[in-house]
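Not measured: the values here are computed from a predicted model. Labels below follow one simple rule: chain letters A, B, ... track the order of the sequence lines, proteins then strands, and each chain is numbered from 1.
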Protein chains: 2
Amino acid sequence: MKPKLTLKKIAKELEVSISTVSKALRDSPEIGEETREKIKAFAKHYNYKPNNIALSLKNRKTKTIGIIIPEIVHHFFTTVISGVEKVANEMGYNVLVCLSDNSFDKEVLNMEMLANGSTDGFILSLAKETMQKGDYHHLVEAINQGMPLVLFDRVVEDISCDKVIIDDVTGGKKATQHLIDIGCKKIALISTVDYVSVGKLRTKGYKEALEENGIPFDEDLVLRIEKMEDSESEIEQFLMDKAIDGVFGVNEHFAISAIKTIKDQGKKVPEDVSVIGFTDGELSKRFIPSLTTISQHGMRIGEESARLLIEKLERTPSEEEYYKTIIVETGLVIRKSTKSKK
Amino acid sequence: MKPKLTLKKIAKELEVSISTVSKALRDSPEIGEETREKIKAFAKHYNYKPNNIALSLKNRKTKTIGIIIPEIVHHFFTTVISGVEKVANEMGYNVLVCLSDNSFDKEVLNMEMLANGSTDGFILSLAKETMQKGDYHHLVEAINQGMPLVLFDRVVEDISCDKVIIDDVTGGKKATQHLIDIGCKKIALISTVDYVSVGKLRTKGYKEALEENGIPFDEDLVLRIEKMEDSESEIEQFLMDKAIDGVFGVNEHFAISAIKTIKDQGKKVPEDVSVIGFTDGELSKRFIPSLTTISQHGMRIGEESARLLIEKLERTPSEEEYYKTIIVETGLVIRKSTKSKK
DNA sequence: TACTGCGACGAAAACGTTTTCGTGTTGAAA
DNA sequence: TTTCAACACGAAAACGTTTTCGTCGCAGTA
């Protein structure tokens, strides 16, 4: 085990000064051709690589960005990471991944860990607990310390920073419109309680689509689920003997539970009832019938977030502050859980 | 935006020397009580946090570990990360995640990036391309430089380092045995080509189980798939009109494709044919019928890997070298795609 | 009074870089 | 011969810590 080669060792070996070595390796014209070549040859031969930590300390940049997500065992987040990684790598950045586990405390802890020099900036999706609590002091602090921050997906209005979100209203509208387009008249909505912003917005899209098509909104066709754990049984009860021909579930989970229930009742999907979901995962793709869904393009969200962050990191500090919010379009992925157009 | 507080600034502000501040904050008895308290109060009030990068440089440890995986959009790897994160955090380590995309070059690149001071050690699962190529010089180099390395899941024999694997043979055997236990006589195997070690080992388990139960091995009942892309059609052809009552797919994908095909042929799962898979993801859980499967306990693999790595990192260098291989037991998760015991 | 010891603090080196600012040598111009 | 620029290189500071080794003043002892 050879201890890593440093400038100092090269200098000693070649009997020149450290500065000469540094300059030679960076092709400075200050150094005579002969010496330069000698040093470069030596460095190459012994595979010298500058120490990142020293560079970070010197330059006051780490060239790594931190991403904090509520959970990783979740297809959406994993695609986001993938997107972040991709553009980060292209730009010469590393990615530090932290998990908040949806806990406020872990989120704060993670930010503190990373804020002390480990990263140049953050990409973050808020923990559920944080949103409930409404305590965002850690975000404000980070920003005040000059740490750029990009919020994605689960964002909060009153923090001024870059944001990347999807248009949930339009997404909900798209979903509902598709059901209408294929001839559904009585469309049930399985959503979350309103304080989960995502559910609220998608519900709004649902209403808008109905209205635009002159279909009256019927509260009886809407189920708002509070706890994920109870969702299956609640959906079962809700759907029991309901005269409907379409269901819009605001996530994969709800949509699939709906399909199960409908099948259990002896009805057919999509012949009798069409079902559409939100979020596109492996499950949607391979379920039987495969699920028509609104896709969130997690990859693009990740890419845009990383781009936004790096842009902030690399701009000269003189430029004035400005914050963008990028809205990533949702897509309609038509599969087998909805009828074809009549 | 206040620029970060440093020891130097505190020292200046309080008109003492840097060393005094440092010592005071670390509760050195060298410093008089009065000064100590004053400094600590000041630091607390202005929320001083030592700069990690400077500490890393000084201590020659970064307190972060790198994990390089072939792909992140994959339930198994994502649970592994989750496990690594968990114990890493408990031990005060950060986790740098890199993706090799199953490419040899990206894997090498990633290792080089991380090896230059960014991390104290690696946790790695080999890229497919790397295994095919059989070129492991980058691993050897890292080890030679004193970088501890833990290989998991996709490991290679001839590198001497810690390893965490599952017992694929026993796993394959368990799966097959379960089919036999519930009364299956003609069990098809859908595996990969033999140079993918995972497929080979699980196949071995399959054979062993048959043998132990006095069932003759029949090459006609085995399908070896080369390319994932073609798997669906190959499975369809293979299963066409085959007289079988059980199928063991060496991954989730194969098992689910098998179920689809079998259903399409008008047979019922599990009444006519029982199907078992390998790896436990969301898909297995929520498919109809939900999939009986051999679970890999990715979480535990991640935890063990991290523990192994950190153990290496924190042991005193005087201790002698030794390498462990931890085998994480597979589990049988019985769901609806296999009959109950007769 | 002179010496010892100790309490309380500071100076400086070290980690590995980059960069600014010398400085010594050479050759040519004056 | 003197002067000066150009060239080639080295010294040192800086990034933010920790730690070793002084050093200074003062009290206690002989």
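What separates NZ of B:Lys12 from C1' of D:dG16 is a distance of 15 Å, to the nearest Å. Nucleotide C:dT17 holds its P atom 10 Å from the CG atom of A:Leu25, rounded to whole Å. The CG-P distance, from B:Asn116 to C:dG16, rounds to 13 Å in whole Å. Atom CD1 in A:Ile53 sits about 17 Å away from atom C1' in D:dA14, given to the nearest Å. Atoms CG (B:Asn51) and P (D:dT17) sit 5 Å apart, rounded to a whole Å. Atom CG of B:Leu57 and atom P of D:dT17 are 12 Å apart (whole Å). Going from atom CG of B:Leu55 over to atom P of D:dC15 covers 16 Å, rounded to whole Å. Counting to the nearest Å, the C1' atom of C:dG16 and the CG atom of B:Asn59 are 14 Å from each other.
With sequence neighbours excluded, the residues forming a side chain to side chain contact (heavy atoms under 4.5 Å, CB included) with A:Ser125 are A:Pro70, A:Phe77, A:Phe152, A:Asp153, A:Arg154, listed by chain and number. In this view, A:Glu30 and A:Lys23, A:Ser28 satisfy the side chain to side chain contact (heavy atoms under 4.5 Å, CB included) rule, not counting sequence neighbours. With sequence neighbours left out, the salt bridge (charged side-chain N to carboxylate O under 4.0 Å, His left out) criterion links A:Lys40 to A:Asp27. Every residue was checked against the side chain to side chain donor-acceptor pair (under 3.5 Å) condition with A:Thr78, not counting sequence neighbours, and none meets it. Partners of B:Tyr323 under the ring-ring contact (aromatic ring centres under 6.0 Å, His included) rule, at least two apart in sequence or in another chain, do not exist in this structure. Applying the side chain to side chain contact (heavy atoms under 4.5 Å, CB included) criterion to B:Lys49, with sequence neighbours excluded, gives A:Glu112, A:Asn116, B:Lys4, B:Asn47.
Relative to the axis of its first five pairs, the axis of the last five pairs of the helix from C:dT1-D:dA30 to C:dA30-D:dT1 sits at 90°, rounded to 10 degrees.
For D:dT17, the OP1/OP2 oxygens have a side-chain nitrogen or oxygen of B:Tyr48 closer than 4.0 Å. OP1 or OP2 of D:dT17 has not a single side-chain nitrogen or oxygen of B:Arg26 nearer than 4.0 Å. Contact annotation: B:Lys8 side-chain N/O to D:dC15 OP1/OP2 distance is under 4.0 Å.
Applying the ring-ring contact (aromatic ring centres under 6.0 Å, His included) test to every pair with at least one member in residues 81-100 of chain A, sequence neighbours left out, gives no pairs at all. For residues 5-58 of chain B, the set of pairs meeting the ring-ring contact (aromatic ring centres under 6.0 Å, His included) definition, not counting sequence neighbours, comprises B:Phe42-B:Tyr46. Listed by first and then second residue, the ring-ring contact (aromatic ring centres under 6.0 Å, His included) pairs involving residues 112-135 of chain A amount to none (not counting sequence neighbours).
Residue-level contact check: B:Ser22 touches the bases, meaning some heavy atom is under 4.0 Å from a base atom. Residue contacts for A:Leu7: at a heavy-atom cut-off of 4.0 Å it reaches a base atom on one of the strands shown.
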Counting primed atoms, P, OP1 and OP2 as sugar-phosphate and everything else as base, the B/S/- map of nucleotides 4-13 of chain D against protein heavy atoms under 4.0 Å is ----BBBBB-
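Under the 3.5 Å distance criterion, with hydrogens and angles disregarded, no donor-acceptor pair is assigned to the side chains of A:Ser82 and A:Thr79.
With A:Lys163 contributing its side chain and A:Ile159 its backbone, the two residues share a donor-acceptor pair below 3.5 Å. At least one donor-acceptor pair under 3.5 Å links the side chain of A:Ser305 to the backbone N or O of A:Ile301.
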Considering only nitrogen or oxygen atoms on both sides, find all protein atoms under 3.5 Å from nucleotides 24-27 of chain C and state each distance.
none

